[in-house]
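Below: one structure, written as structure tokens.
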Amino acid sequence: MPITELFLGAFLQVLFDRLASPELLNFARREGIDMRLKKWEKMLESIKEVLDDAEDRQLTGHLGVKSWLEDLRNLAYDIEDLLDEFVTESAESKSKAESNTSKAHSLLSNCCFRLSPREFMLNHKMRSKMEEMDAKLLEIITQKDSLSLRENNEKRSTNRLQDKPIPTTHLIEGCFVGREDKKMEILKLLTEEEDDRTTTNIRVIPIVGMAGLGKTALAQQVFNDARVTSYFNVKAWTCVSDDFVMLAITKSILQKIDCTLSCEDKDLDWLQDKLKQNLSGRKFLVVLDDVWNENYGNWTILLKPFESGAKGSKIIVTTRNSHVAKIAGARPFTLEELSPKACVTLFAFHALGVKNFDHHPYLEALGLKIVEKCKGLPLAVKTLAGLLRTKVGPPEWQAILNSKIWDLPKERNDILPALKLSYLHLPSNLRRCFAYCAIFPKDYEIQRDKLIHWWIAEGLVDRKEAKSQWTTGLNYFNELVDRSLFQKASSNGLEFLMHDLVNDLAKLVAGASHYSSGEFEFVDDHNNASLARHASFLPSNYCMPERFEIYHRMQGLRSFISLEKQHRSSYVTQKVLHDLLSVLKYLRVLSLSHYNIREVPECIGKLRHLRHLNLSHTHIETLPKSIVALHNLEALILQGCHELIKLPEGMGKLINLRFLNITNTPNLRAMPLNIGNLLGLEILSKFIVGTENGSRLNELKNLKNLQEELCISDLHKVQEAREAKDANLLMKEGICRLNVQWCTNFENFRNEELETKVLDFLCPHQNLAHLKISSYGGLKFPSWLGSPTHVNIMHLHLHGCQRVKELPSLGQLSSLKELFIRDLNAICMVGSEFYGSKSPFPSLLTLEFKRMPLWEDWSHCIDAEEVGVVFPRLEHLVIQDCPMLIGRLPSQLSSLVNLKINSCPRLEASPSFNSLPSLNELKFEGCNERVLHSLVNLASLTALNINDVAELTCLNHGFTSSLIKLEKLTIEKCAKLIYLWQDGDVIRNLNCLKRLVVCSCSEFIYFVAEEGDIELPGNLETIELIECVNLEKLPSKMHTLSSLRDLRIFNCPKLVSFPEICIPTSLTSLNIEFCKMLQSLPRGLSAHLDEPSSSSSNTHSDIISCLQDLRISECNSLTSSPFSEGIFLPTTLKRLEISYCRGVESLAEINLDRLQSLQEIGIWDLKNLRSLPQGLHKLSRLTFLYLRNCPALELECFPPLPPSISRFILHGCPKIKSLPNQLHRLTSLRFLSISGWESLTHFPDGGLPPQLESLTILKCENMKQPVREWLTPLTSLQILDINGSVGGVGEEEDLVLPLPSSLLHIHINHMGKVERLSSSLPPSLRSLDIQCCLKLRELPQDGLPPSLEHLRINNCPILKERCKKETGCYWPLIREIPWFHMS
């Protein structure tokens, strides 16, 4: 049952604000309807007075009241729409009149402004609407009276009290699972000794999480733990709940501590004094359960008596609101959802009295589904389990599984009251914002910024609260996060989730006015569609017209939001969009992002209520001219429209536009003229400087409200420095990210002096946090860059400023965290001018220098004195493509975690740079070997990548000995590398090494320089040897690597054989490619080690082998029978691939009897192969067989296949005479592809398996069997790919194919003589692909099926003319198809 009143109370307040707006009042007086609006206001006031009683009655199940509230909600929407129409009509007419008057007339006072009757009259339709509203309001008033609804008073019905939670106690529950680790963390916080530097005796530990997450249960466990009892002198528990009454809380705690005290009729002063006395000098633990208070003053008063306690005293606070934790000045301890395993245990305990389903296995599947429905919320688990207590019948469990949370028995449903309390505590301005989220499906990742835009467009964000609605909306959103109604879904903090039950709450609050895509599942529910005002749409790849039918019923819809699905593009036709937008005349929010559309219907200009239009990531090149008629438009989002080339002229008319996002629109070359007239703009993501009046940089002058991000490009077009000064960035305090760009062309037309002045005048406000300067052509940076006054700059990029000769004093930017310097071609030295002080860069975490061709010296001195610690917090350092850099790197980089040095060949070793105690990752490329070997203290290094170090012959002992934590070692393109290590002893230090890659090291011959057997690091899991052209052997003790899982050997042409004792049994994947001299595979892959490896018996019992994947390719020296002579495949093998091995003639020696785990076999491009493995039909788990381009393979009949086979591909094997007999009995076969098979004349007796789903048959010129004989029986076929060479189907003018009705996808190609498609297409067909049918001119007479989503016509010249847009005779058929391509 929707909680309609809670929603309406906030909504009616919006109506009152609208009725009181000056614009509407002026309009009403002019048109003589002001008295009528006053009457409406009084009627609405009288209705608002009874809303509390209406809710009380609704909660008792009063159907009449429920219906009345729903009617009231719908009427409120209608009234707001009508009022919006009045204001819009007035504003449009006024704007039109003003554009036709002289400047003198425009100076007249607004109160003297009159519209001519011709410009505007309240037409009959609008008057009819007013009369309709009058009648509906009177009806609502009449119903109110007949329902005997009472006006609000302080004595509320007891129905509301039903939602108040029962006070908690400190006693623990019977089953506590899944939070043991959290309990230990809190116990540690409680019992650890406080630092002597701690200034306060008490510490607050807030446990924060959404309703029902188990905060109280966790606190109870901690409170009752014996370690806590022994640690604290005194403990007290009190349930605060939503009434933060200081006297009651203090009294409750005092009575728990001293039960002998009589506290009746005592005031707060007495109580706090007694509490202070009782706690004085004692170490105490107090739990304040379920706290809602957000008033800092109340909190400080409550804490006063606690300050007398001993050091180490603690207060645990449980709350849903992280803001409570902030008030307490403590870091929140946030609870996540309970794990599925723990939820199952908890559910079984409360439903069955035991902690598992061992004695009720028939209920386990249902139980798991019910638990999944709870999404990790313990309260939901316990509630649903409690409803099933003692009930062991599957039908009862199924009923609970199918029920909605709000349909559960009210007297036993603890979930809804707990969740509803979170809603009741929301301020009125947040209630509608929360209810709006009912449009989201469950588990949908909500993008914060988009949702705020939608709230603003719908009028849910108060315009009066702050100068910036965006900032206000952001505060609203953060408040909902703080109250645990949203949860972060991504690390960047921009995507959020709602718990399923919170999503249910939003839908419960919003009722039928908010529609989530796919919500109305049954025909009867479609009647509710007409009530929807806000709706989402989950697009598929191809959006068919019928998917939009339900939205055509929503004629009062205000929001149509197409939700993004993993950033995939969706296809929809122009006609579908036109038809939809023609119906939805009241839209305020229209979001069509990520659609593959190239144009927007012109009718969009008629959406006069539209505030927000999102066309981001579409393929549009221009917008319709009519868009400038959208007087109310506030947000236009065109982000990622790569093909957008221009914005419409006349955008200056969009006087209410506040958000214009044109980020990532590379083909947009100019701004519309006079954009500076849009004085309300808050977000202008990009401004492209032009040369004509109305497009110059000074257009930014009057845009005083700009905030968030601004990119100014084409600054080389500025003609006078004063334009930059007029832009007045210094006063635009809302801009926190600024990107200034000149063109990358540095030819003679650039004016260095002018550009210097321009950048100087573009000094931003000190609030700036992100700054990027690109392709600046001045000789020096301005003094403001690097000035300590810009204390908020955290991220700075200097890119392509090719003429600047000196870096600014960036070390003085105290908040700078990331600094990227690239392509500064004239910089020769970095030194004291860069640091600016003796304690530079106090906050810098990331520093990158890239492509600095003239940079020679990096000095670390100021006034001839060496700076001690230059980068005290630096974690990431990149120096790349600095070919002249000779000087040493900074010393004392004790925090450095990641270091990349690339293409700095003259860089020298530095004694002061050799200790990097925190370094985890090092990438060293194209530099001096001595620099690498000077790094001797790398005890924390886990990943090392060495690339193109020309003089490196091996890693020396001193360098390697410190790599005790190294897990990944990659060495690439080191032309002189002969060995990895000098001797085997150093390998003992590499106990943590898991991954070893040697790639493109042409002189590499072995792992160590010494002769004899060596043992590689014992924990290696992966070895890759790639393009080591001189490698001749592998270590003989390789079999001892008990952790090795993956071995890949690629293009090692001198490798002849594997070690005699074979490879380790732990190996799961073996990949051997382009080893041209390899003569044999590893011997005895599954033989006992103590048996002779040369044994040819196929009866060896397996050692414990893990090999699952064996791939062999381009090994042309393999013997003709590579699986003979003791080569045994292990029983664990799942995938076998062998390809491009010219010498291989026989695979018959593979003993398939033992390979019962084998699932996939791939054999291709074995030109001399003459035999296949025997006994394919015995492989009970084989699902995929791929055989391609084996021209010498000659078989009268393909060997039988196992029943398990599901995919069979046979291409380019012309000497195979026929498919396997009994093919039709392969009941698992779903995918069959046959191509290039000259010998095939017919299918085996019995035909093809009737359950086949995909069939490709191409280039079978001698196939004579009529198509109808083998195609008609395929009643499950979904995909058909066929060409004209099969059965002569392409030799007739009429193509008649007996197409099964089950087909979804058809690909027809190379039908040389076909002129007409005479077959009717299947009714559910989704895609049709027609290629290379040169004479084809006619589509089927009965047209294309309405289900068709995808049509491609390639190289069909006659048909192409008949399908042309607008002019072709088939265009009326094609225009309805979402995806159509023709070439």
Side-chain angles (χ1 to χ4, degrees), residues 467-468 470 647 651-652 654-655 657-663 665 668-743 750-778 780-787 789-790 792-793 796-801 808:
K467 183 178 180 181
S468 164
W470 174 259
L647 294 171
M651 280 191 66
L654 300 176
I655 58 173
L657 195 67
R658 282 180 288 160
F659 307 103
L660 178 57
N661 188 341
I662 47 177
T663 305
T665 51
L668 185 63
R669 301 299 184 192
M671 302 298 292
L673 295 179
N674 303 313
I675 201 162
N677 292 342
L678 302 178
L679 303 181
L681 269 182
E682 292 182 19
I683 292 180
L684 176 63
S685 63
K686 180 165 69 173
F687 181 84
I688 306 166
V689 177
T691 56
E692 59 180 307
N693 287 335
S695 67
R696 293 179 181 171
L697 183 56
N698 53 14
E699 284 294 304
L700 297 176
K701 178 178 181 179
N702 295 321
L703 303 182
K704 299 176 181 178
N705 299 320
L706 289 182
Q707 57 182 311
E708 295 294 318
E709 179 179 4
L710 173 62
C711 172
I712 307 175
S713 65
D714 287 3
L715 278 164
H716 55 281
K717 294 181 180 178
V718 174
Q719 298 170 347
E720 296 180 20
R722 184 167 186 81
E723 294 177 31
K725 185 176 183 180
D726 289 345
N728 202 15
L729 293 191
L730 185 60
M731 302 307 293
K732 294 176 173 41
E733 60 186 57
I735 296 176
C736 58
R737 295 189 298 275
L738 176 64
N739 184 349
V740 291
Q741 302 175 353
W742 286 256
C743 77
R750 298 289 286 269
N751 186 328
E752 296 170 356
E753 184 178 350
L754 176 60
E755 293 191 22
T756 300
K757 291 180 180 178
V758 167
L759 185 55
D760 196 26
F761 283 137
L762 289 177
C763 176
H765 190 274
Q766 64 182 24
N767 287 347
L768 193 74
H770 299 247
L771 174 62
K772 182 174 181 179
I773 302 174
S774 301
S775 304
Y776 165 62
K780 64 178 183 178
F781 286 112
S783 58
W784 59 260
L785 181 57
S787 167
T789 57
H790 279 94
N792 293 304
I793 291 183
L796 176 59
H797 297 247
L798 303 176
H799 290 183
C801 306

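Excluded from the calculations below are hydrogen atoms, water molecules and symmetry mates; all remaining heavy atoms, backbone and side chain alike, are included.
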Point to revise | Main-chain N/O of T663 paired to S685 side chain as donor or acceptor, under 3.5 Å | key: yes
Check your understanding: Under 6.0 Å from the NZ atom of K732, do we count more than 12 heavy atoms belonging to anything else shown?
Key -> yes
Exercise for review: Could you check if a side-chain atom of K772 sits within less than 4.5 angstrom of a side-chain atom of H799, using non-hydrogen atoms only?
Suggested key: yes
Check your understanding: Within a strict 4.5 Å, meaning less than it, do heavy atoms of the I675 and F687 side chains meet?
Key -> yes
Practice item. Kindly indicate whether the side chain of I655, heavy atoms from C-beta on, has any atom under 4.5 Å from the side chain of L679. Key: no
Review point. Should M651 and L657 count as side-chain neighbours, where that means a heavy-atom distance under 4.5 Å?
Key: yes
Practice item. Could you walk me through whether D714 and K717 pass salt bridge (charged side-chain N to carboxylate O under 4.0 Å, His left out), step by step? Key: CA-CA 6 Å; D714 287 3; K717 294 181 180 178; 3.4 Å; yes
Exercise for review: State, yes or no, whether a side-chain contact exists between W784 and P764 at a heavy-atom distance under 4.5 Å.
Suggested key: yes
Review point. With no hydrogens and no angle check, is any side-chain donor or acceptor of N767 less than 3.5 Å from a backbone partner on E733?
Key: yes
Check your understanding: Hey, is CD on E753 packed in by over 12 heavy atoms from elsewhere, all under 6.0 Å?
Key -> no
Review point. Is it true that the side chains of T665 and K686 contain a donor and an acceptor less than 3.5 Å apart?
Key: yes
Point to revise | Exceeds 12 heavy-atom contacts within 6.0 angstrom, atom CD of E720 | key: no
Practice item. Verify, without hydrogens or angle tests, whether E699 (side chain) and G676 (backbone) share a donor-acceptor contact under 3.5 angstrom. Key: yes
Check your understanding: Can you check whether Q766's main-chain N or O pairs, donor with acceptor, with N792's side chain at less than 3.5 Å?
Key -> yes
Practice item. Side-chain contact test, heavy atoms from C-beta onward, threshold under 4.5 Å: evaluate it for I773 versus L759 and give yes or no. Key: yes
Review point. Do V689 and I712 pass the side chain to side chain contact (heavy atoms under 4.5 Å, CB included) test, and can you show the C-alpha distance, the side-chain angles, and the key distance before you say yes or no?
Key: CA-CA 7 Å; V689 177; I712 307 175; 3.8 Å; yes
Revision key, fill the gap. Taken to the nearest 0.5 Å, the spacing of N677 CG from L654 CG works out to 11.5 Å
Practice item. Answer whether the closest heavy-atom distance between the side chains of R722 and F761 falls below 4.5 Å. Key: no
Check your understanding: Considering residues, nucleotides and ligands other than K701, do more than 12 of their heavy atoms fall under 6.0 Å from its NZ?
Key -> no
**Study point:** Residue from L738, L796, L729 passing side-chain contact (heavy atoms from CB on, under 4.5 Å) with L768
**Key:** L738
Exercise for review: Decide yes or no for L668 and I662: does some side-chain heavy atom of the first lie under 4.5 Å from some side-chain heavy atom of the second?
Suggested key: yes
